[in-house]
Amino acid sequence: MAVRLYGFQPPVGTPYGLEVITIEDFFAQHDAWPWDPPRPGRATFHYLILVTEGELRHDVDHVTRTVAPGQWLWVRPGHAQCWHPPGDARGPFILFEPEVLRPDLARLLAPLTAHTAPAVLSPHPDDAPWLQQTAFQLLDEHRALGRRPLDVHHALRRSLLESLLLRLTNAAGVAPADAMAGTSRGDLYGRFVNTLELHFRELHRAGDYAGLLGCSVRTLSRAAQDATGNGVRELINERRLLEARRLLGSARWDARAVAAHLGFTDPANFGRFFRGRTGLTPAAFAADGAPTVPPPPG
């Protein structure tokens with residue numbers, strides 16, 4: 001059972017890689033899709049949701065998250081996610097492509113755009129009102145298409161999004177900046193992690209990622225070594241192994257489905273890969289209840 005990858009598909013006429021709606025409008029517009037039956041998927045863009053009323057339940061990387069009023073849900077590109085049936089949650093829902101962020105701003109936002117960042121954010125009460133007000137201002141400006149010249153409309157939406165993300169990233173109670181942020185190798189490693197999240201199921205060689213990132217394998221290897229102490233191939237295999245453990249454990253997939261999902265042409269090869277790194281066969285790991293599977297942050 002492969003997890004489908006979705007591209008950014010806003011309504012016709014929505015410009016500039018950014019869409020802003022509300023949770024309640026999203027549920028109303030989609031009838032039973034995609035929660036009846038549940039359909040896990042991955043997106044190439046960011047989902048950012050503020051819950052202002054009610055409670056939202058959403059699976060991120062095969063773990064169910066419960067988002068209460070005042071909290072934010074941030075699903076990043078490449079994360080496996082699955083919607084739950086509509087509840088009573090209300091609030092603004094922001095969808096945006098990574099390319100919307102200017103490179104200098106993306107570096108400042110790296111602590112929260114990273115795939116290891118928490119899925120559920122709980123800003124300090126001193127920051128919460130400003131964040132909520134800015135999110136609704138962004139929603140209002142998004143709905144104002146046609147009221148102002150198009151370039152002004154674009155600039156206002158972008159400015160509001162950037163202000164919101166910068167304040168959220170630096171709000172008290174939200175994850176601090178990574179020590180590698182702001183260095184050229186740290187930037188490259190961050191881009192590698194983002195690319196790995198999108199492609200670890202089908203791309204398994206360091207050269208594949210160096211090609212996508214526009215650098216040499218040697219440069220990418222140095223960046224990975226500086227950031228983690230491990231080589232690129234090891235990081236790729238670690239990510240595949242983590243996904244296998246989650247799917248065999250909490251998601252209860254069978255070994256053949258996991259093997260196909262992770263790009264193994266032969267389930268036997270997957271079995272050797274898994275046993276060599278865990279000491280257990282996939283079946284034994286699943287039967288044991290997967291007690292050591294680490295949940296994603298957040």
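All of these numbers come straight from a predicted model, not from anything done at the bench.
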Test log, rule side chain to side chain contact (heavy atoms under 4.5 Å, CB included), inputs Leu131 and Arg167: CA-CA 7 Å; Leu131 291 166; Arg167 182 68 175 262; 3.6 Å; yes

Give me the atom names and distance for the closest heavy-atom approach of [X] to [Y].
| X | Y | answer |
| --- | --- | --- |
| Arg256 | Pro267 | NH1-CG, 3.5 Å |
| Gly17 | Val100 | O-CG2, 3.2 Å |
| Ile94 | Val20 | CG1-CG1, 4.0 Å |
| Arg239 | Glu197 | NE-OE2, 2.6 Å |
| Tyr189 | Ala224 | CD1-CA, 3.9 Å |
| Arg65 | Val120 | CB-CG2, 3.8 Å |

Atom CZ of Arg148 with >12 non-hydrogen neighbours under 6.0 angstrom: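 Count over threshold, so yes.
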
Heavy atoms from other residues, nucleotides or ligands near CD of Gln9 exceed 12 (cutoff 6.0 Å):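 For Gln9, atom CD is not crowded (no more than 12 foreign heavy atoms under 6.0 Å).
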
Kindly indicate whether the side chain of [X], heavy atoms from C-beta on, has any atom under 4.5 Å from the side chain of [Y].
| X | Y | value |
| --- | --- | --- |
| Leu18 | Leu95 | no |
| Leu138 | Arg157 | yes |
| Pro98 | His46 | yes |
| Val75 | Ile49 | no |
| Asn230 | Glu238 | yes |
| Phe136 | Leu139 | yes |
| Pro282 | Val258 | no |
| Phe270 | Leu262 | yes |

Side chain to side chain contact (heavy atoms under 4.5 Å, CB included) assessment of Leu108 paired with Thr169: CA-CA 8 Å; Leu108 296 175; Thr169 300; over 6 Å; no

With no hydrogens and no angle check, just 3.5 Å: does a side-chain donor-acceptor pair link [X] and [Y]?
| X | Y | result |
| --- | --- | --- |
| Asn269 | Arg272 | yes |
| His79 | Arg42 | no |
| Glu141 | His153 | yes |

With a 4.5 Å cut-off on side-chain heavy-atom distances among I, L, V, M, F, W and Y, is there a chain of contacts connecting [X] to [Y]?
| X | Y | answer |
| --- | --- | --- |
| Leu50 | Leu166 | yes |
| Leu212 | Val217 | no |
| Leu161 | Leu156 | no |

Verdict with supporting geometry, His58 and Gln81, side chain to side chain donor-acceptor pair (under 3.5 Å): CA-CA 7 Å; His58 195 83; Gln81 62 171 314; 2.7 Å; yes

Sole candidate of Phe93, Trp74, Phe8 that passes ring-ring contact (aromatic ring centres under 6.0 Å, His included) when paired with Tyr47: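 Per the ring-ring contact (aromatic ring centres under 6.0 Å, His included) rule, the option paired with Tyr47 is Phe93, out of Phe93, Trp74, Phe8.
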
At what distance, to the nearest 0.5 angstrom, does [atom1] of [X] lie from [atom2] of [Y]?
| X | Y | atom1 | atom2 | value |
| --- | --- | --- | --- | --- |
| Asp127 | Gln132 | CG | CD | 13.0 Å |
| Arg90 | Glu55 | CZ | CD | 16.0 Å |
| Gln29 | Glu24 | CD | CD | 10.5 Å |
| Leu213 | Thr195 | CG | OG1 | 4.5 Å |
| Leu198 | Arg76 | CG | CZ | 13.5 Å |
| Leu105 | Ser163 | CG | OG | 9.0 Å |

Determine whether a donor-acceptor pair (N or O, by modelled atom type, separation under 3.5 Å) exists between the side chain of [X] and the backbone of [Y].
| X | Y | answer |
| --- | --- | --- |
| Ser159 | Ala155 | no |
| Gln71 | Ala68 | yes |
| Ser221 | Gly231 | no |

Derivation of the ring pair (Phe, Tyr, Trp, His ring centres under 6.0 Å) call for Phe274 and Phe285: CA-CA 9 Å; Phe274 191 87; Phe285 180 84; 5.3 Å; yes

Arg57 vs Thr64, side chain to side chain contact (heavy atoms under 4.5 Å, CB included): CA-CA, chis, key distance, verdict: CA-CA 7 Å; Arg57 299 179 72 237; Thr64 299; 3.6 Å; yes

Qualifying ring-ring contact (aromatic ring centres under 6.0 Å, His included) pairs with a residue from residues 208-230, counting only residues at least two apart or across chains: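 Sorted result for residues 208-230: Phe192-Tyr209.
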
Cationic N near anionic O, under 4.0 Å, Asp208 to Arg205: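 Yes.
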
Leu168/Leu48 under side chain to side chain contact (heavy atoms under 4.5 Å, CB included): CA gap, chis, key distance, verdict: CA-CA 11 Å; Leu168 183 59; Leu48 183 60; 4.2 Å; yes

Geometric cation-pi criterion, Arg240 with Phe200: 6.0 Å, 45°: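 No - Arg240 does not lie over the ring of Phe200 by the 6.0 Å and 45° rule.
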
Option among Val51, Asp88, Leu73 that satisfies the side-chain contact (heavy atoms from CB on, under 4.5 Å) test with Ile23: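 So the option named by the test is Val51.
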
Ring-ring centroid check Phe264 Phe273, cutoff 6.0 Å: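 For Phe264 and Phe273, the ring centres are under 6.0 Å apart.
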
